[in-house]
2 protein chains.
Amino acid sequence: MKIAVDVMGGDYAPEAVIEGILLALSSLSNDDTILAVGPQDTIEQLLAKHGYAGKQIAIIPADQVIEMGEHPTKALSQKPNSSIGVGFHLLKEGKADVFASAGNTGAMMVGSLFSVKTIEGISRPAIAGFVPQEDGTYALMLDIGANADCKPEMLDQFAVLGSVYFEATTGKKAPRVGLMNIGEEEQKGNILSLATHALLKENKKINFIGNLEGKDFFKNKADVIVTDGFTGNIILKMGESLYKIMKDQGITNDFVENTNYEKYGGSPIIGINGNVIIAHGASSPLAIKNMIKLCRSVVESDVCGKIKAAIENQ
Amino acid sequence: MKIAVDVMGGDYAPEAVIEGILLALSSLSNDDTILAVGPQDTIEQLLAKHGYAGKQIAIIPADQVIEMGEHPTKALSQKPNSSIGVGFHLLKEGKADVFASAGNTGAMMVGSLFSVKTIEGISRPAIAGFVPQEDGTYALMLDIGANADCKPEMLDQFAVLGSVYFEATTGKKAPRVGLMNIGEEEQKGNILSLATHALLKENKKINFIGNLEGKDFFKNKADVIVTDGFTGNIILKMGESLYKIMKDQGITNDFVENTNYEKYGGSPIIGINGNVIIAHGASSPLAIKNMIKLCRSVVESDVCGKIKAAIENQ
């Protein structure tokens, strides 16, 4: 398996990314290769600094960098030799099985749409986030920010995308799908959630268990949490913030530890013709290590192929 | 001050409500009276059971009860002698300074609109919720569920309503107003939040500090958190759920204790010609006690009068 990693992505790049790659090496198979995308000199120096001289890391030169604040479409067209641009080129050409970056989220999203493109029949891809549950499991929530304004049909598709992803990566059949809403009852909600509820109820491809409320977020009521990217982004970030708040107050236990985003390594973009992972901008070496673990999981479970099959059978 | 309390409202009514009223007595002034609205026999028996024979509790007979699941408008018109119906009658006639209930939220909202009515110039009243902050303070968030679908102009008014409420009850001048959103930058958001941001920026009646993200929810970045009732309801309930999760895991400290909704006693409806408090359906005696404390606060600070003045000067 060839895992392309943007060495220049994230607040602590390139150091944290290289350290994360080195941490990940022990969990790789012998025939796995990390394609470290970034400036050759920088990467060589960092690898030398850590005394690495092995063959599981291949440097793929890319001299430009897309910064965090840059406009995604503009940056991608003006910087074809950026680490994100080159990463997507590798993915499109089949030279990488997966591409991951802790860099500019918008550029990762736009790059996905322009290079490997949306799967035919999918209206809009979503970014999925992992939500720690009180009992130690996790739920998959989508969308968490790619689509701030959604239509009911989009959420209906997110339910299918999430179900296929969850089943493919965990093996759990017929994962429970819940709709984030403001009441358990079918007649509760805003215009979007009311219309979405009606679609989900009739959707035979999913195991819809009904509405979820904010109080159910951590309660393992659903495996897949369906919501628009505005709501999903806010509640995911709110959940993640607990880790630091609790740590600052000297509190920890398994649940608190699981609210640490570093554990999940990133968020897959689902609904495109390729495997792309977006990691947290503040990714530490541990987060990058887990990002690479997540890369292996999406490739091994063939999420992409299974989504295509599910959509074709619609 | 005359505080009307719905004795039949809430999952643990009437027992918990009567116990809560009795707990609240010690914090009342001598000239405060609790108007206990509900079936006379039931209330008399419960007061006798607790050995109460004082004069600060007056029973206002109401033989009907609006159940939690009932349709608000239908229930109010079919049950004029319900505890909620009678409570609003007292409020409208000026026989009560404030009315509070842990019962059917929809009926409390509809009752407000039909009896004391919306303040002239206000597009839609909002329900405000208290959000515990990491540092022990709290923020006021609105709307938390009265308006699942909002327009930018409504959120712009919520910002004014929340600011007046916060300043009137805490004394803090020019409270900081933040807009719940998916990024700090002005150009981030969904259609609603983008348009709202533009209005808030130009609103001279408020101290707008910009967008908040989910990670800022507990961080005391704003005194007033502006959001639509869909988002607000979900994140408020999510925040409240932390209390039980942490308690179940044997964790507690000041912050965790502050996520206990019992502490706040309820949520004021803001933007109507009267003082109305909606308490949590699962209110315990402690929650009812604090609900009564909140009643005193809204009456004493003359929130209603100050909102009218603020709107008239628009």
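Labels below follow one simple rule: chain letters A, B, ... track the order of the sequence lines, proteins then strands, and each chain is numbered from 1.
Only the side chain of A:Ile251 comes within contact range of chain B, with at least one heavy atom under 4.5 Å from a heavy atom of that chain. Heavy atoms closer than 4.5 Å to chain A are found in both the backbone and the side chain of B:Ile191. The contact between B:Glu213 and chain A is made entirely by side chain atoms (from C-beta outward), counting heavy-atom distances below 4.5 Å. Heavy-atom distances place the side chain of B:Leu242, and not its backbone, under 4.5 Å from chain A. No part of B:Thr227 comes within reach of chain A, as not one of its non-hydrogen atoms sits under 4.5 angstrom from that chain.
Comparing A:Asp254, A:Asn147, A:Ile182 by how many heavy-atom pairs each has under 4.5 Å with chain B, the most go to A:Ile182. Highest contact tally toward chain A, considering only B:Gln187, B:Lys244, B:Gln249, is held by B:Gln249 [criterion: heavy-atom pairs under 4.5 Å]. With chain B as partner, the option from A:Met180, A:Lys215, A:Glu240, A:Lys219 having the largest number of non-hydrogen pairs under 4.5 angstrom is A:Lys215.
Inter-residue side-chain proximity for B:Met238 and A:Phe218 is flagged as met; some heavy-atom pair is nearer than 4.5 Å. Residues A:Met246 and B:Met246 are in side-chain contact: their nearest non-hydrogen atoms beyond the backbone lie under 4.5 Å apart. Residues A:Ser241 and B:Phe217 are not in side-chain contact: their nearest non-hydrogen atoms beyond the backbone lie 4.5 Å or more apart. Here the side chains of B:Glu134 and A:Asp248 are in contact, with some heavy-atom distance below 4.5 Å.
The two atoms that bring B:Gly189 and A:Ala148 nearest to each other are O-CB, 3.6 Å, heavy atoms only. The nearest pair of heavy atoms linking A:Ile235 to B:Ile234 is CG2-CG2, 3.8 Å.
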Test side-chain contact (heavy atoms from CB on, under 4.5 Å) on A:Lys237 and B:Asp216 and set out the steps. CA-CA 9 Å; A:Lys237 285 181 184 164; B:Asp216 304 321; over 6 Å; no
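B:Asn190 places no side-chain N or O within 3.5 Å of a backbone atom of A:Phe230 that could act as its donor or acceptor partner.
Around atom OH of B:Tyr12, no more than 12 heavy atoms belonging to other residues, nucleotides or ligands sit under 6.0 Å away.
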